[in-house]
Amino acid sequence: MIDLKDFEYDELAAFLKEHGEPKFRAEQIFSWLHRGVESYDEMTNISKATCAKLEEISYVSTLKIREKYVSEKDGTMKYLFELPDGNCIETVVMRYHHGLSICVSSQVGCRMGCRFCASTIGGLYRNLTAGEILNQIIFAQKDIGERISNIVIMGIGEPLDNYDNVIKFLHNVNHEKGLNIGYRHITLSTCGLVPRIYDLAEENLPITLTISLHAPNDEIRDTIMPVNHSYKIGELIKACAAYAGKTGRRVSFEYSLIHGINDSIENARELAELIRGLHAHVNLIPVNKVEERGFEKGSDRDIRLFRECLESLGVNATIRRELGSDISASCGQLRKKVL
Ligand code: SAH
């Protein structure tokens, strides 16, 4: 049985044609799917006979809300969604002045092994399908009753480790007959799978690429991010420059400040030197404590000094506002707690 949301629009049209359906059927069904119907019965402009026929060969996938938390501090919403096979994933919706922004997961678990990250503790269970990534947006939006306008692929998983499904998802979520979210409103975050960054540059999608850098040199990065054993920091920065050159989009960097590991003024200077010439933006994130890992964030003063040092060297840097801190809203924390 095939999940209709795993088709791209053209594939859906071809599938329906193959089963004797007229051309306009694809448009009808695609738009129903993106509005969050949970079965064929809800597609009211499609005949019972057609629904019965399609039901035998395909299905409409759904996500169950297993838990939902709303931050009392800032309204951030966190969903623990249950997949049809019983696995769980996390999705977070944040309210900004420009609208709702959603952070979606791309895998169940993760095999990248970053030392500070809760998502990777149990390893990778499986990839999410394109439909399962999309469903997080469809069902969060349905639950909230408001349009979601921005997407970050920054939840559980490494999106470039699930490349084909993520690309398919991007095409679908951007499609004018579906949710129609512009590529410029989509950010993909990666720990740095270098060959895939080059592939992504070739896709011609004007999404924003952000790199989880977290270290200014190989010595530090090797100790906190195993991916750095495969792709060294110099290669990563080269790939970013190539991506920016090819797409015309500025790359940004995530840098979690871990006290005593990567947050000295010397580290800030090294970081500025490393990304000089990229005109990149740096998001500084005070590390979220994960019990198992024992990493701590520095004082507000340390964090401010780090930022000021970057700025003084011409690097644009912001300190990320911590949203949803009362509801375990960071990567992998909720899933781990509930399971
Ligand atoms: N695998 C992708 C996307 C998911 S991680 C990536 O690595 O970019 C989302 C972001 O949260 C990454 O920047 C990750 O490094 C960061 N992160 C994970 N655990 C964290 C923690 N405990 N504190 C602060 N940031 C964390």
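Residue numbers start at 1 and run along the sequence shown.
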Exercise. Hey, any chance Leu12 and Phe24 share a hydrophobic cluster, counting ILVMFWY side chains that come within less than 4.5 Å of each other, even indirectly?
Worked result: no

Problem set entry | Distance-only donor-acceptor check, side chains Ser61 and Asn135, under 3.5 Å | yes

Problem set entry | side-chain contact (heavy atoms from CB on, under 4.5 Å) involving Lys142 - partner list, sequence neighbours excluded | Glu38, Phe139

For this session: For Tyr255, check ring pair (Phe, Tyr, Trp, His ring centres under 6.0 Å) against everything at least two apart and list the hits.
Result: Phe306

Problem set entry | Check: Glu67 side chain, Leu80 main-chain N or O, donor-acceptor pair, under 3.5 Å | no

Exercise. So, the side chain of Thr210 versus the backbone of Ser252: is there a donor-acceptor pair under 3.5 Å, distance only?
Worked result: yes

For this session: Say whether, by atom type as modelled, one donor and one acceptor occur between the side chain of Asn174 and the main chain of Leu170 under 3.5 angstrom.
Result: no

For this session: Examine distances only and state if a side-chain atom of Asn262 and a backbone atom of Ala215 form a donor-acceptor pair shorter than 3.5 Å.
Result: no

Identify all side-chain donor-acceptor contacts of residues 278-285 below 3.5 Å with residues at least two apart in sequence or on another chain.
| residue | atom | partner | partner atom | Å |
| --- | --- | --- | --- | --- |
| His281 | NE2 | Thr318 | OG1 | 2.8 |
| Asn283 | OD1 | Thr318 | OG1 | 3.1 |
| Asn283 | ND2 | Glu254 | OE2 | 3.1 |

For this session: Inspect the surroundings of CZ in Arg111 and state if more than 12 heavy atoms from other residues, nucleotides or ligands are less than 6.0 Å away.
Result: no

For this session: Verify, without hydrogens or angle tests, whether Ser101 (side chain) and Met94 (backbone) share a donor-acceptor contact under 3.5 angstrom.
Result: no

Problem set entry | Side-chain donor-acceptor pair present, Glu176, Tyr9, cut-off under 3.5 Å | no

Problem set entry | Set of salt bridge (charged side-chain N to carboxylate O under 4.0 Å, His left out) partners for Arg184, sequence neighbours left out | none

Problem set entry | Side-chain donor or acceptor of Ser119 paired with backbone N/O of Ile156 under 3.5 Å | no

Exercise. Any side chain to side chain donor-acceptor pair (under 3.5 Å) pairs touching residues 240-251, not counting sequence neighbours?
Worked result: Thr208-Arg249

Exercise. Is the closest basic N to carboxylate O distance between Glu235 and Lys238 below 4.0 Å?
Worked result: no

Exercise. Hey, are Gln107 and Asn162 close enough side-chain-wise for a donor-acceptor pair under 3.5 Å?
Worked result: no

For this session: Might you confirm whether atom CG of Asn45 has over 12 heavy atoms from other residues, nucleotides or ligands at distances under 6.0 Å?
Result: yes

Problem set entry | Gap between atom OG of Ser39 and atom CD of Glu55 - 0.5 Å precision | 7.0 Å

Problem set entry | Side-chain donor or acceptor of His19 paired with backbone N/O of Phe15 under 3.5 Å | yes

Exercise. Quick one: do Asp218 and Arg221 make a salt bridge, cutoff under 4.0 Å?
Worked result: no

Exercise. Does CZ belonging to Arg276 count more than 12 external heavy atoms closer than 6.0 Å?
Worked result: no

Exercise. Does Lys48 pair with Asp41 as a salt bridge, N-O distance under 4.0 Å?
Worked result: no

Problem set entry | Donor + acceptor pair across side chains of Tyr96, Ser149 (<3.5 Å) | no

For this session: For Arg307 and Ala317, indicate whether the former's side chain and the latter's backbone hold a donor-acceptor pair under 3.5 Å.
Result: yes

For this session: Under the side-chain hydrogen bond (donor to acceptor under 3.5 Å, both in side chains) rule, what do Tyr79 and Asp143 come out as? Steps first, then yes or no, please.
Result: CA-CA 10 Å; Tyr79 294 92; Asp143 178 62; 2.5 Å; yes

Exercise. Side chains of Thr190 and Glu158: do they bring a donor and an acceptor to under 3.5 Å?
Worked result: yes

Problem set entry | Point-to-point distance, once rounded to the nearest 0.5 Å, from CG of Leu33 to NZ of Lys177 | 14.5 Å

Exercise. Taking atom CD of Glu308 and atom CG of Leu313, what is their separation to the nearest 0.5 Å?
Worked result: 12.0 Å

For this session: Only counting residues at least two apart or in another chain, list the ones meeting ring pair (Phe, Tyr, Trp, His ring centres under 6.0 Å) with His229.
Result: none

